[in-house]
Protein chains: 2
Amino acid sequence: MKRIAESTVRRLSLYLRFLEDFEKRSIGTISSDELAARGSTTSAQVRKDLSFFGSFGKRGLGYSVPELLARLRQILGLDHEWHVVIVGAGKIGAALAQYRGFSQRGFRIVALYDSDPEKVGRTVDGLQIRPMSALTAESHHHRPDIAVLAVPATAAQEVADIVVAAGVRAILNFAPQQLQVPDTVALKEVNMAIELEGLSFALTNLRM
Amino acid sequence: MKRIAESTVRRLSLYLRFLEDFEKRSIGTISSDELAARGSTTSAQVRKDLSFFGSFGKRGLGYSVPELLARLRQILGLDHEWHVVIVGAGKIGAALAQYRGFSQRGFRIVALYDSDPEKVGRTVDGLQIRPMSALTAESHHHRPDIAVLAVPATAAQEVADIVVAAGVRAILNFAPQQLQVPDTVALKEVNMAIELEGLSFALTNLRM
DNA sequence: GACGTCTTGTGAATTTCTTCACAAATTACG
DNA sequence: CGTAATTTGTGAAGAAATTCACAAGACGTC
C-alpha cells in the first residue's frame with residue numbers, strides 16, 4: 001500500500017468525529033462537500049483522502065454515514081482494543097488517567113506508573129499507581145501497545161527507552177523533550193510550548 | 001515578507017529549545033548539522049528555515065548560540081510578554097494554570113475563568129477563579145492576547161466566540177471540538193484523540 | 001599569505017501534497 | 001424512457017515543502 005501522509009490520517013480522524021456527530025443526529029447520508037465544510041477543507045481533499053483506501057461513496061448520492069464510520073474505524077485501527085500504560089501520575093498523568101475519551105475509543109488503560117514512592121499505591125480513578133520499577137515485569141502480563149508519557153522532561157528519554165524495551169510500539173509524549181526512538185516505534189509529541197510559540201509568532205508577524 | 005510555513009515555525013521552536021540546552025552547557029557555537037541531529041531533520045532544512053529571516057551564521061564556523069537564541073526569540077515574538085487567559089478550571093485548566101512553562105517563556109496568565117459557581121472564588125496557584133460572566137468586562141483591563149480553552153467540547157465554540165468578541169487574537173484549544181474563528185484570529189488545536197488515533201493507525205498499518 | 005578544511009546561504013531539482021476538472025455513475029422526475 | 005441534476009473517483013496540473021549541490025566566505029596552520 002502507498003505511504004499515507006500524516007496530514008491525511010489527521011483528517012481521517014476529523015471526518016470520523018464529524019460522522020459520529022452526523023450519526024447522532026440520525027443523518028444517513030453525507031456528501032464530501034458537507035464533510036469538507038465541517039473540517040475547513042475541500043470536497044476534493046475529502047475524496048482524495050478516502051480514495052487511498054478504496055471507494056466508499058455512491059455517485060450522485062454521497063456516503064452512507066454508518067458505512068463510512070465503520071470503514072474509518074477499521075482504517076484507523078479502532079475496531080479493536082489497544083492497551084495503554086500511562087507513565088507519570090502528576091497533574092497531567094492523573095488528568096489523563098481520568099479522561100473518558102480513552103476508553104470511549106477503545107484505548108484501555110491497563111496501568112499507571114510513577115517513580116515517586118509517595119504516589120505509589122494511591123488510586124486514581126480506580127487505578128492503583130504502580131512503581132516505575134515494576135513496569136518491565138508487569139508488561140509481560142499487560143502487553144501494552146501504547147505508552148503515554150507524562151513525566152518531567154529530564155526523565156522522558158530514559159522512560160521512553162524503558163517502555164520500548166518492554167515492548168511498547170507507540171508513544172504519546174507529553175513531556176517537553178524531543179525523544180529519540182527506533183523507527184519501528186510510532187511517536188507523537190504533544191508540546192504546549194510549541195503551540196504557544198506558534199501563536200506568539202502569528203501574533204507578531206501576521207497583521208499589525 | 002513571504003508567507004512562512006507552519007512546519008517551519010514549529011521547527012524554529014525546536015531549535016530554540018536545543019539552543020537553550022546548548023547555552024546551559026556553555027557551548028558557544030553550533031553548526032546546522034549539530035542542530036539538525038537533535039531535531040531529526042537535515043542541516044539543509046535548518047539553514048533554509050533560518051534563511052527566511054536573514055543570515056545569522058558564519059561560513060566555516062556555524063552559528064553563535066547566544067546570538068541565534070536572541071534572534072529566534074525575536075522572530076517568535078518571545079521578546080515581550082503576552083497576556084493569557086485560561087477558560088475552564090477543571091482538571092486540564094487547573095493543570096495548565098500551574099504549569100511553569102508559561103511564565104518561563106513570557107506568557108503571563110492574567111486570569112482564570114469558569115462558569116461553575118462551585119469553582120468560582122477558589123484559588124489555583126495564587127490565581128482566583130473568576131466567573132465566566134466577568135470575562136468580557138475584565139478583558140478591558142487585562143487586555144488578553146491569547147485565550148487557552150480547557151472547557152467541555154459542547155461549550156467550546158460558544159466560549160471561543162466570547163473571547164474573540166473580547167479582543168483575544170489567538171486561541172489554544174484543548175477541547176475536542178473543531179472551532180470556527182475569523183481568520184484574523186490565530187488558532188491551534190491540541191487534540192489527544194487525534195494523536196491517539198494517529199498512533200492506532202500507525203500500529204495497524206505500519207509493520208505486522 | 002597561500003592552502004586545506006569547514007560550513008553557510010541559496011538557486012535548482014525533486015518530492016510531496018493539494019486543487020482542478022471532468023467522465024462515469026446514480027437518482028429524481030416528468 | 002429520457003433528460004436534468006447530483007456527486008463520486010481520479011488522472012493531471014499546480015503549489016508547497018524538502019533536499020541537493022555547490023560557490024563563497026571564514027578560520028587554522030605552516
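All chains are named by letter (A, B, ...) in the order of the sequence lines, taking the proteins before the strands, and each is independently numbered beginning at 1.
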Review point. Would you say the base of dT7(C) and the side-chain of Arg59(B) have a donor-acceptor pair closer than 3.5 Å?
Key: no
Exercise for review: Give a yes or no on whether a salt bridge exists between Asp114(B) and Arg130(B), defined as a side-chain N under 4.0 angstrom from a carboxylate O.
Suggested key: no
Point to revise | Nearest-Å distance for atom pair CG/C1', residues Leu61(A) and dA5(D) | key: 12 Å
Study note, to complete from the structure: Here the gap from Leu96(B) atom CG to Met192(A) atom CE, rounded to the nearest 0.5 Å, amounts to 5.0 Å
Check your understanding: Quick one: is dT19(D) close enough that its OP1 or OP2 comes under 4.0 Å of any side-chain N or O from Gln45(B)?
Key -> yes
Check your understanding: At under 4.0 Å, does any side-chain N or O of Ser43(A) touch on OP1 or OP2 of dT7(D)?
Key -> no
Point to revise | Check ion pair Lys188(B)-Glu6(B) (N to O, under 4.0 angstrom) | key: yes
Check your understanding: Within the structure, does a side-chain N or O atom of Ser7(A) lie under 4.0 Å from either OP1 or OP2 of dT18(C)?
Key -> yes
Review point. In whole Å, what is the span from the CG atom of Asp33(A) to the C1' atom of dC20(C)?
Key: 14 Å
Review point. Between Arg47(B) and Thr42(A), which has a closest nucleotide on DNA chain C that is more 5'?
Key: Arg47(B)
Revision key, fill the gap. To the nearest angstrom, the NZ-P distance between Lys48(A) and dG14(D) comes to 15 Å
Review point. Any idea which heavy atoms bring Ser200(A) and Phe107(B) closest together, and the distance?
Key: CB-CZ, 4.0 Å
Review point. Separation of Glu6(B) atom CD from dT18(D) atom P, in whole Å?
Key: 11 Å
Point to revise | Value in whole Å for how far the P atom of dA25(C) lies from CZ of Phe56(A) | key: 19 Å
Review point. Expressed in angstrom and rounded to an integer, what is the separation of Leu68(A) atom CG from dT8(D) atom C1'?
Key: 13 Å
Review point. To the nearest angstrom, how far is Leu50(A) atom CG from dT8(D) atom C1'?
Key: 10 Å
Check your understanding: Has Ser32(A) got a side-chain N or O lying under 4.0 Å from the OP1 or OP2 atom of dT7(D)?
Key -> no
Check your understanding: Can we say Arg73(B) and Glu20(B) salt-bridge, meaning some charged N sits less than 4.0 Å from an Asp/Glu carboxylate O?
Key -> yes
Review point. OP1 or OP2 of dT26(C) less than 4.0 angstrom from a side-chain nitrogen or oxygen of Tyr63(A), does that happen here?
Key: no
**Study point:** Rounded interatomic separation in angstrom, taking CZ from Phe53(B) and P from dG9(C)
**Key:** 14 Å
